[in-house]
S.K.: 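Sharing a structure here in structure tokens format.
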2 protein chains.
Amino acid sequence: MARLSAEERRRLLVDAAIRVMTRDGVAQATTRAIVSEADMSLGAFHYCFRSKEELLENVIVAITERTALPAQEILEGPGDVEEKLRASLMSYWQHVLDHPAEHQLTYELTQYATRTPGLADLARTQYRNYLKTNTRLMEALRANADVAWTVPTETLVRYLTAVIDGLTLLFLNERDAEAATAAIDLAARQLLNLLAQPA
Amino acid sequence: MARLSAEERRRLLVDAAIRVMTRDGVAQATTRAIVSEADMSLGAFHYCFRSKEELLENVIVAITERTALPAQEILEGPGDVEEKLRASLMSYWQHVLDHPAEHQLTYELTQYATRTPGLADLARTQYRNYLKTNTRLMEALRANADVAWTVPTETLVRYLTAVIDGLTLLFLNERDAEAATAAIDLAARQLLNLLAQPA
DNA sequence: GTCTATAGGAAGATAGAC
DNA sequence: GTCTATCTTCCTATAGAC
């Protein structure tokens, strides 16, 4: 077999793990299933990672980065504040509709991390990052558009984060795209109501 | 040992399973851990249930009922529509603050069911029940108080369900009661804005 | 009905030949 | 670096004595 660096193999194994988990769930992602997906031997796994937990730590970090990146890009663009807010929400929402399994996986990983003593911190960090990303989004909107929110930023951000999370979860479990989209439309309108009315 | 009916044992095992899962997570709830918690022999398990999956089916049904019951009681009480809506939300919220592990468990079970071929239907049913309960809540509010909602009931209900779910999930992961409560206060105000203004 | 003993298999991790 | 064979442990499920 090809001689790959340990670093390269680590990357391949993390990617393979994400594919297996997305397809079959976290519980089914055994070391054997992962190395099989990556077309490696079982021995290669423990040559690259000290334990399965070490792999999972890397998987969680990789997934969180993938989720955070698009959210930050949305923000930079033209349009007034209302358009941008709606566009941001809808861009995220389209990603949920197109890639439900990926989002399902992030929730599974959060729970897995919460229940794994060595990874519990990661679950907290994951959510802190969501909140931080959304805070930057809301503050940038305010700064660019010179508007104000009628509620404290911390509260607004938690409300926004919760609505996004809740609607995603609802769609993942109900799989009614039309109904969920109507609800997120309502959520967007409700958020815009929190903008201070221009005098 | 005492001679118990199979039905009684089934009840005891389901309760024991819920305790183990609440404490240690679904993945840790092995048949051995459950019978140990119930103070039974391993053999008793397979005398009462054909398989572990059959137990889990019963666990999910039991948990869903427990969650749905308080929500229905909240509804029957005095007060105007605004008070009742706020009181309902806050009663649920207090339960989340007091028993986070129980709510954590319901999310875990939903995921477990989703990933288990024989139980996948149960996950859908669970969410359909949440929606149905919330629909009854909203319709009863409307009927009792003779007010109208400014959005379709189906959309309102999904929005409500999502906000509740999202804030619960946020609290479970962030564990900041103060911040999450401020957000649910905001959510309650936002919901009340969807009532048609009395002329 | 109740329990112990055990089958049968899959998991994570390791040893050691190449 | 790579891979096979194996160790140990834990799982669900069953068999069969009492």
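Here is the naming used below: chain letters follow the sequence lines, and residue numbers restart at 1 for every chain.
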S.K.: Tell me, which of residues 42-58 of chain A have any heavy atom that sits under 4.0 Å from an atom in DNA chain C?
M.R.: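 Heavy-atom cutoff 4.0 Å gives L42(A), H46(A), S51(A), K52(A).
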S.K.: Using the side-chain heavy atoms of L4(A), tell me which of these nucleotides is nearest: dT2(D), dA13(C), dC3(C).
M.R.: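 It is dT2(D).
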S.K.: Just jot down the salt bridge (Lys or Arg N to Asp or Glu O under 4.0 Å) partners of E37(B), sequence neighbours excluded, or say none.
M.R.: R19(B), R23(B)
S.K.: S41(B) side chain N/O closer than 4.0 Å to the phosphate oxygens (OP1, OP2) of dT4(C)?
M.R.: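 No, outside the criterion.
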S.K.: Separation of I34(A) atom CD1 from dA11(C) atom C1', in whole Å?
M.R.: 12 Å
S.K.: Given atom CD of Q28(B) and atom C1' of dC10(D), what is their separation to the nearest angstrom?
M.R.: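 Roughly 11 Å, once rounded to whole Å.
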S.K.: State which residue, out of L156(A), T153(A), V81(A), L195(A), fulfils the side-chain contact (heavy atoms from CB on, under 4.5 Å) condition with R142(A).
M.R.: T153(A)
S.K.: Counting side-chain heavy atoms from C-beta on, which of dG1(D), dC3(C), dA11(C) comes nearest to A6(A)?
M.R.: dG1(D)
S.K.: Quick one: on DNA chain D, does M40(A) or R32(A) contact a more 5' nucleotide (nearest heavy atom)?
M.R.: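 The answer here is M40(A).
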S.K.: Taking only residues two or more places apart in sequence or in another chain, which ones pass salt bridge (Lys or Arg N to Asp or Glu O under 4.0 Å) with E82(B)?
M.R.: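 Checked E82(B) against salt bridge (Lys or Arg N to Asp or Glu O under 4.0 Å); zero matches.
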S.K.: For the pair Y130(A) and Y127(A), name the ring-plane relationship: parallel under 30°, tilted 30 to 60°, perpendicular over 60°.
M.R.: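 Geometry flag for Y127(A) against Y130(A): perpendicular rings.
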S.K.: Using the side-chain contact (heavy atoms from CB on, under 4.5 Å) definition, which of the options H95(B), E102(B), Q94(B) pairs with D98(B)?
M.R.: Q94(B)
S.K.: Without decimals, in angstroms, what is the distance between D24(A) CG and dA10(C) P?
M.R.: 16 Å
S.K.: I want to verify a distance call: between dT2(C), dG12(C), dT2(D), whose nearest atom is closest to the T30(A) side chain?
M.R.: dG12(C)
S.K.: Is the cationic atom of R175(A) (NZ for Lys, CZ for Arg) positioned less than 6.0 Å from the six-membered ring centroid of F171(A) and within 45 degrees of its normal?
M.R.: yes
